[in-house]
Structure formats: structure tokens, C-alpha cells
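Whatever order the structure lists ligands and atoms in, that order sets their numbers, starting from 1.
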Amino acid sequence: MPDLHTRVDLAPDFGADVVPEGLSAMARGMVSSSILTIAWEIRALRDRGVPVADMTVGDFSPREFPIPERLRDLVVEELRAGATNYPPPAGEPDLRAAVREHVRRTQGMDWPEDGITIVSGGRPALYSAYRLLTDPGDAVLYPAPSWNNHNYAQIQGLRPIVVPTSPADAFQPTVDLLRPHLGEARLLVLNTPQNPSGGVMPRDEVEAFGRMLVEENHRRLAAGEKPLFLLYDQIYRSLVFSGHVHYSPVELVPECAPWVVHTDGISKGFCATGLRCGWMFAAPAVARKAAALLTHVGAWAPKPVQRATARWLGDAAAVDAWTEDVVGRVRERLDPLHAGLLALREEGLPVDCIAPQGAIYLSVRFAVEGWRTADGVELRGSESVRRWLLENAAFAVVPFSAFGVPTELEHGWVRVSVGAVSVAEVQAALPRLRDALLTLRPPAT
Ligand code: PMP
């Protein structure tokens with residue numbers, strides 16, 4: 001080929017001197033994910049040959065948690081059949097129908113198809129809800145810890161009202177806790193089963209939120225105020241155990257339906273984070289706007305994935321069998337971790353842990369603030385504890401401060417995720433953790 005182009009070599013971070021002041025205020029205010037920074041540190045340790053139990057990522061390793069074989073085969077089949085052009089803006093009709101049936105079958109709600117919008121995962125559904133239901137300067141109410149609400153609030157220029165939750169409630173908020181802050185909010189965000197705590201909101205509380213929404217919006221309607229919407233993130237819906245059941249406020253209090261926006265998808269329930277397929281179901285007046293907005297962003301789920309997911313969801317028996325199996329495999333990891341940590345507590349070591357309820361997470365407390373390491377260094381703040389755990393026990397966790405909890409309220413709580421570890425890795429991590437904790441010295445009293 002004739003060389004018609006001059007070669008231009010650009011430095012790795014060219015423009016760093018002139019570009020930043022040109023960025024929007026929103027872009028300048030954006031903070032990068034502290035979880036990713038931690039993940040890079042772990043990769044570096046692993047590259048040096050240290051066998052780290054990586055309990056930091058909220059993802060599934062395809063080695064430990066592959067997607068359903070049938071779903072994989074269907075994606076390949078659809079790709080081969082030529083499903084490579086644009087999907088319709090609101091999603092493939094077959095998938096919207098399959099989601100409708102899935103919601104009806106698993107949650108008892110018969111949702112109109114016009115209220116179902118297919119998008120590329122849980123994130124675009126959350127992002128569009130923030131964009132569609134609030135205006136810059138409005139208040140958004142959410143609990144801490146919670147996943148990424150601080151980022152969405154910042155992107156949308158909202159005033160966050162962050163309410164700390166308690167380990168006694170598995171870090172799920174209660175209506176009583178949030179009620180005093182309702183008046184100011186345009187949007188309330190709940191997530192159950194929850195990232196990072198693994199807590200599942202109890203039925204009574206879900207129902208109380210539904211009632212509260214109806215009450216508050218009747219008051220607002222009468223006063224001519226804008227309604228309060230509830231963004232209900234149920235991406236871990238099917239991953240519940242030990243008698244915990246996932247509910248939607250709409251199934252318990254149907255009158256609250258106009259103000260509830262559900263987000264869900266295949267990322268967690270089918271370990272398919274990389275396939276990028278999720279959905280929103282809400283009042284059609286919201287769902288249609290989401291389809292319109294995301295058309296401009298181009299955040300459609302890939303067409304072969306949509307078509308394959310429709311066929312996969314359509315096989316109810318296979319979906320149920322898969323779900324039972326994956327829940328078992330998650331518990332194979334969470335249960336021994338929980339039991340092992342409780343045994344350490346029994347021994348008098350400074351750890352605590354909430355029993356697994358749902359998702360792929362465990363809330364664990366390392367109550368070592370002010371303790372001294374073997375070489376006399378005092379542990380202060382969750383970052384020093386995290387680092388100490390990583391370097392001395394090869395135990396990699398994410399502190400709750402990464403989920404919006406102010407450091408002074410963190411009290412040593414961290415998220416432990418089992419999506420990327422084997423049962424053997426969990427078993428090997430516990431004695432390492434014990435040995436390391438035994439080297440710590442409590443503060444002199
Ligand atoms: N909601 C919660 C609570 C999550 O933890 C995640 C992923 N970590 C998402 C939504 C987004 O999922 P997706 O990968 O489908 O965008």
C-alpha cells in the first residue's frame with residue numbers, strides 16, 4: 001500500500017497540560033473509583049507471585065463462576081444467525097416479552113411491556129433514572145454504605161442526603177431512619193440484596209417503604225409539589241439465602257407503582273457482567289424516556305445478547321435450576337468464611353461478621369483501630385487496616401468508605417466479595433488471617 005499518511009507519535013498522556021481546565025465542572029468533579037485503585041494494587045502483588053485472596057471485586061471470575069452454558073451457546077447461535085445490527089431502542093420485542101413473563105413468574109407483578117426498557121446492564125438503567133427523575137440542585141436520598149450513588153449524584157449535580165445505616169439491620173436502611181429526610185428529596189435510592197453489605201431488606205420494611213411512598217406522594221400531590229421517586233436496584237434479586245426473600249414494594253403495596261423504578265439485569269444473577277444486558281421496569285412514562293435518552297448514549301444491550309437472553313429467560317426450568325446451583329456455589333464460599341470469622345471472634349480476635357443474607361458479599365469488621373502491628377506501627381483508619389490485611393494476610397477487601405461511609409463512622413467494616421475466589425482460596429485465607437491477627441497488639445488501656 002502506498003504510504004499516504006505522515007506518522008504522528010503522541011506521548012502517553014499528551015494534552016495533560018492544556019486539557020483539564022477545558023473540562024466541564026462535572027468532569028472535573030468526577031472521582032475515580034477507589035475500588036479500581038485497590039484492584040491494581042492486588043494485580044501488582046499477584047504479578048510478584050503472592051497468592052492473594054482477591055475478595056475486592058464485585059465481579060465474577062469466569063473460572064469460578066462461568067455464565068450458563070446454554071446462554072453462552074445461544075449468544076453464539078444468535079451471532080452466527082446475523083443478529084449484528086441495531087436493536088430497537090426499547091429493546092428486542094422478544095426480550096421485553098420474556099422480561100415481562102420473568103417478572104410475573106418470579107415476583108408476581110404483571111408489568112406492561114411499555115414499561116420495560118432493555119439497556120446495556122444495570123448501570124445505564126441507574127444513570128438514566130438519575131437523569132430522568134431529578135434536576136441539578138435537587139436532593140437525592142440514599143443510605144451509606146451503598147454502591148456508587150455518590151458518583152451518580154455528582155454527575156447529575158445533586159445534593160446528596162446520605163443516611164448511615166447500622167450493622168443491626170445488616171446495613172439496610174429502615175423507613176424510620178429515612179423518614180426525617182424525605183421532605184427534601186426528589187429521589188430515594190434503595191438496593192436489595194445490597195452491595196456492599198449483602199443485607200436483604202425484610203418484607204415488613206419493603207412494605208413500609210411502599211406505604212411511605214404512597215403517603216408522601218399523596219401529600220405532595222395535594223400540596224402541588226413534585227413527587228418522590230424510588231429507584232429500586234434489584235440486580236442481585238435472585239441471590240438470596242438462609243430464608244431471606246427479595247420483595248418489590250409494588251407487589252406489597254401496588255398503589256406505589258407509578259413512583260417505583262426497578263433496575264435489574266443478567267449481570268449478577270447469571271454471572272454475566274461482561275455480556276452487558278439489563279433492564280428497567282417502571283411506569284411507561286418513565287421507561288419510554290429512558291429508551292429515548294439511552295438511544296442518544298447508544299447504551300443498548302448487544303443484539304445477539306438480547307436475543308439469547310430472551311430465549312434463556314423463556315426456559316423457566318433451566319433458569320430456576322441454574323439459580324439454585326449458583327446460590328449453592330456462592331454459599332459454599334460465604335458460609336465457611338462467615339463460620340471461620342466467627343471462630344476467630346470466639347477466640348477473642350478483633351473481628352466480627354454479619355451472617356450471609358444475599359448477593360455475593362459479606363460485611364466483616366476488623367475492630368483494630370489503634371492496635372499495633374508486630375513492628376510497632378499503629379493502625380489508624382480503614383486504609384491502613386486494608387493495606388495491613390493485604391500485606392500481612394494476603395486478604396484483599398474494600399473498606400466501607402469506598403461506599404460512601406464517612407471514615408469516622410466506618411468502625412472497621414469492610415466488604416468481602418466471593419465472586420472471584422475458589423472454595424480452596426477461602427479455606428487457605430482463614431488461617432493466614434488468624435496468624436496475622438495474632439501478631440497484633442491492642443492499645444494499652
Ligand atoms: N447495582 C449494584 C448494586 C451493583 O453492585 C452493580 C455492579 N457492581 C450494578 C448495579 C451494575 O451492574 P452492571 O454491571 O449490570 O452495570
Side-chain angles (χ1 to χ4, degrees), residues 32-36 38-39 54-62 65 67 71 91 95 99 117-131 140 142-153 155 165 170-173 187-201 230-240 246 248 261-282 290 294 297-302 305-306 309 313 330 357-363 397-398 400 402-405 414-420:
S32 67
S33 158
S34 47
I35 305 176
L36 288 182
I38 296 171
D54 187 358
M55 313 226 192
T56 59
V57 285
D59 196 2
F60 298 91
S61 95
F65 289 98
I67 63 168
L71 177 59
L95 180 53
V99 167
T117 301
I118 309 299
V119 293
S120 59
R123 285 170 173 85
L126 296 173
Y127 172 78
S128 59
Y130 265 87
R131 291 291 278 164
V140 56
Y142 56 85
S146 75
W147 180 80
N148 273 12
N149 283 302
H150 54 298
N151 300 101
Y152 291 114
I155 290 172
T165 51
F171 295 103
Q172 277 290 359
L187 184 64
L188 162 64
V189 189
L190 300 176
N191 164 225
T192 181
Q194 199 210 56
N195 181 6
S197 70
V200 176
M201 191 177 285
L230 167 60
L231 175 50
Y232 201 67
D233 179 355
Q234 55 166 32
I235 194 102
Y236 297 93
R237 182 193 61 78
S238 59
L239 302 176
V240 284
H246 174 81
S248 157
V261 175
H262 300 80
T263 59
D264 205 334
I266 64 171
S267 296
K268 308 294 175 169
F270 304 124
C271 309
T273 49
L275 292 190
R276 309 312 305 152
C277 183
W279 45 87
M280 162 190 283
F281 56 103
L294 294 173
V297 184
W300 304 294
V305 176
Q306 291 199 38
T309 302
L313 287 181
V330 170
Q357 299 188 356
I360 52 171
Y361 309 115
L362 210 54
S363 292
V397 300
V398 182
F400 271 15
F403 303 98
V405 176
V414 302
R415 180 187 81 174
V416 169
S417 169
V418 297

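Side-chain atoms of R415 never come within 3.5 Å of backbone atoms of F400 as a donor-acceptor pair (strictly under, hydrogens ignored). No donor-acceptor pair under 3.5 Å is formed between the side chain of T117 and the backbone N or O of M280. Between the side chain of Q194 and the main chain of F171, a donor-acceptor pair closer than 3.5 Å is present. A distance-only check finds a donor-acceptor pair linking the side chain of S417 to the backbone of V57 [under 3.5 Å].
Defined by atom type and a distance below 3.5 Å, a donor-acceptor pair is present between the side-chain atoms of N149 and Y130.
Two residues are said to be in side-chain contact when any heavy atoms from C-beta on lie closer than 4.5 Å; L126 and W147 meet this criterion.
Protein residues having a heavy atom under 4.0 Å from any atom of ligand 1 are G121, G122, R123, L126, W147, N191, N195, D233, I235, Y236, S267, K268, R276, listed by chain and number.
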